[in-house]
S.K.: 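Handing you a structure now.
Start at 1 and go down the list; that is how both ligands and their atoms are numbered. Residues take their numbers from the sequence shown, with the count starting at 1.
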Amino acid sequence: METQRDGFASSVGAFTATVASAVGLGNIWKFPYLAGVNGGAAFVLTYLLAVALVGLPILVAEHAIGRKMRQDAVASYARVVPKEGFWAVIGYAGIVAAFFIMAFYSDVAGWVFSYIPKSLIAAIRGTAPLESKAFISLSSGTWEPLLWQAGVVVFISIIVLAGVSKGIERATKLTMPILLGLLILCDIRALTLPGAFKGVQFLFEPDFSKLSGAVILSALGLAFFKLSLGMGTMTTYGSYMPHTVRLVPNASRVALADTLVSILAGLAIFPAVFAFGFEPASGPSLLFISIPAVFSKMPLGNYFTVLFFLLSALAATGAMISLIEVPVAWLSGKMNLKRPTAVLITATGILVLGLPATLSLGLWADVKLFNMGFFDLLDYIQQNLLLPLGGLAIALVAGWRLPKAEFLRELETAEPNKPWYIPVLYTFIKFIAPALIILVFLNGFGVFGK
Ligand code: TRP
C-alpha cells in the first residue's frame, strides 16, 4: 500500500515541505496584525509560550499519527483507535476548518498577489510607493478583490494537480531562503529608521495589563494557525513522511524556523509603524501599509517591494497547498474521486465561501452575524474554536487512547538511542498541552470571570 501513495522523497524534503506549510501569511500578515491589535509584547510572549508548550507537542502528535496510519486525515482518525471510529470527527472538523481558512486566506493572498503588479507599475513609472489609500480601495472593492481571489484559487488548484512531492517540495526549497534574506534586509532598513526603537519596545517589552482571557485564547489559536495544526494538515503531511525522519527534532526545527520568520516580520513592520507614525492596531491592513513605506526609504525601494510581495505570494502558496490538500486527499482517498474532480470540488467550495468573506469587507460591510462580518466570523471560528478543539482531541487520542508503546515507537523511529526528549514530549502531549488548552479555552470564554 505504501508504495502506491505519493510521499516526500527525503527527510530534508519532509522538513522543507512542513516549513512551507507553516510559513505563510500567518507570519507576515496575521502575526504582526494580531500583535498590533492586542497591545504588543505581552501577546508575543504568550504566543511564544503557546508554541513551545502546546504547538510543538501537538505537531509531533499529528506527525506520529499520520505516519503510523499512512492515510488521509479522516481515515487516519477513524482507524487510529480500533472500534472508536468517532475520532474521525477530527478529520471532518478539519475539512470544515480548511474551507473556512481558505475562504479568507485566498482573499488576503489575492491582495498580496495584486501588490506584485501594482508595485511593479509604481517602480517602472517611478511614482510614489503604494499608500494606505491604495490598500483600502483594493480590499473594500468588489470585482478587483474577487478576481484576484479567484485567480489565486485557480493557481493553487493547478499546482495541487501536479502531485505531492513534485509540486510542493521543488518550489519551496528554492524560495524560502530568498524570502528569509529579503526579510532580513527589510529588518536592517526598518531598525535603522529614526524612531525605530519604539517598535522594538512594543514587540518585546511586555505590559501584562494588556492580557485578557480573549487575548490569551487568540495567542493560542494563532499558535495552531501558524503551525498548521488542529485540522489534519500536519497529520496528512506525517502520512507522507519516510521512516528516516526523526519526528521530534524535525518538528522542533519547524517550530523554531517558523517562529523566527514571524519575529523577523514583526521586526520589519513595527519599527516602521512607529517611525512613520502609523497606527499599530490598524488590523489587517498593517502589512500592506508598512512594507511599502519601509522600502520607500531605500534606493530602488519600489523594486524591493515587488520582490517582497512576490516572495510573500510564494510563501502563501505553500501554505495554501497544504490547506487544500486536506479536502483533496479525503475526496480522492475515501470518496474515491479522481484527483482533478476532487480539486475542482474543493476549489468551487472555497470560492462559494470566499465570495461573501471578501464582500464583507466592502459591499456587504453592514451585514453582521454575532457582531462580525463574514470574513471576521470565519477567521474567529477557525482560530478560537475549530483549531484549539481539534488540537485538544488530537492530544487526547495520542496521549490517552493510543497504547503508549505504539505511539512512542513512531517517535523513536530513526533515533539511534532513546533520547531524553521523547518522554518529556510525551508528558506534554498527555497532560500539559490538553490541560492548557482547556484552561485557556474556558478562560477565553469568561468561565472564570473577567
Ligand atoms: N500556517 C499557515 C500560515 O501561517 C496557514 C496554514 C496552512 C494553516 N495550513 C494550515 C493553518 C492548516 C491552519 C491549519 O500562513
S.K.: Can a donor-acceptor pair be found, under 3.5 Å and without considering hydrogens, that links the side chain of E84 to the backbone of F86?
M.R.: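 No; zero donor-acceptor contacts below 3.5 Å.
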S.K.: Atoms of ligand 1 less than 4.0 Å from S322 heavy atoms?
M.R.: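 Under 4.0 Å from S322, ligand 1 has these atoms: 7 (C), 9 (N).
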S.K.: For G26 and ligand 1, does the shortest N/O to N/O distance drop below 3.5 Å?
M.R.: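 N/O-N/O distance below 3.5 Å exists for this pair.
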S.K.: Report the nearest protein non-hydrogen atom to atom 11 (C) of ligand 1: residue, atom name, distance rounded to 0.1 Å.
M.R.: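 Ranking protein heavy atoms by distance from atom 11 (C) of ligand 1, first comes F225 O, 3.1 Å.
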S.K.: Measure the CE-OH distance between M69 and Y77 for me, rounded to the nearest 0.5 Å.
M.R.: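 Reported to 0.5 Å precision, the distance equals 10.0 Å.
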S.K.: Less than 4.0 angstrom from a charged side-chain N to a carboxylate O is my criterion; do K118 and E144 meet it?
M.R.: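 Counted as a salt bridge, because a side-chain N and a carboxylate O are separated by less than 4.0 Å.
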S.K.: Counting from 1, what ligand 1 atoms have a heavy atom of S21 closer than 4.0 Å?
M.R.: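 That gives atoms 1 (N), 2 (C), 7 (C), 9 (N) of ligand 1.
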S.K.: Quick check on the 6.0 Å ring-centre criterion: do W29 and Y105 meet it?
M.R.: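 For W29 and Y105, the ring centres are not under 6.0 Å apart.
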S.K.: Is there a donor-acceptor pair closer than 3.5 Å between any side-chain N or O of N250 and the backbone N or O of V245?
M.R.: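 It does not hold such a pair.
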S.K.: How close do I65 and V397 get, counting heavy atoms only, and between which atoms?
M.R.: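 It is CD1-CG1, 4.4 Å.
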S.K.: Below 3.5 angstrom, do we get any N/O pair linking L25 and ligand 1?
M.R.: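 It does: an N or O of L25 is found under 3.5 Å from an N or O of ligand 1.
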S.K.: With a cut-off of 4.0 Å, which atoms of ligand 1 are near a heavy atom of A319?
M.R.: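 Once the distances to A319 are compared, the set is 2 (C), 7 (C), 9 (N).
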S.K.: Of all the non-hydrogen atoms in the protein, which one sits nearest to atom 4 (O) of ligand 1, and at what distance?
M.R.: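 Sorting protein heavy atoms by distance from atom 4 (O) of ligand 1 puts K226 NZ, 2.4 Å first.
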S.K.: Atom 6 (C) of ligand 1: which protein heavy atom is closest, and how many Å away?
M.R.: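 So the nearest neighbour among protein heavy atoms is S228 OG, 3.5 Å.
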S.K.: Does the separation of the ring centres of F155 and F113 fall below 6.0 angstrom?
M.R.: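 Yes: the rings meet the under 6.0 Å criterion.
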S.K.: Please report which non-hydrogen protein atom sits nearest to atom 15 (O) of ligand 1, along with the residue it belongs to and the distance in Å to one decimal place.
M.R.: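 Going atom by atom, the protein heavy atom closest to atom 15 (O) of ligand 1 ends up being Y105 OH, 2.4 Å.
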S.K.: Just by modelled atom types, is the D107 backbone N or O under 3.5 Å from a matching donor or acceptor in the W148 side chain?
M.R.: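 Checked: no pair found.
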S.K.: Report yes if some N/O of I101 lies less than 3.5 Å from some N/O of ligand 1; otherwise report no.
M.R.: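 For ligand 1, there is no N or O atom that lies under 3.5 Å from one belonging to I101.
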S.K.: If you measure from each heavy atom of W29 to ligand 1, is any distance below 4.0 Å?
M.R.: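 No, that is not the case, since the closest heavy atom of the residue is not under 4.0 Å from the ligand.
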S.K.: Purely on distance, is any nitrogen or oxygen of A22 under 3.5 Å from one on ligand 1?
M.R.: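 Indeed, backbone or side chain, A22 has an N or O that close.
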S.K.: Ring of F407, cation from K68 - is the NZ or CZ under 6.0 Å from the centre and inside 45° of the axis?
M.R.: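 No, a cation-pi geometry is absent between K68 and F407.
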S.K.: Could you tell me the residue and atom name of the protein heavy atom closest to atom 14 (C) of ligand 1, and the distance to it rounded to 0.1 Å?
M.R.: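 Going by distance alone, atom 14 (C) of ligand 1 is nearest to M231 SD, 3.1 Å.
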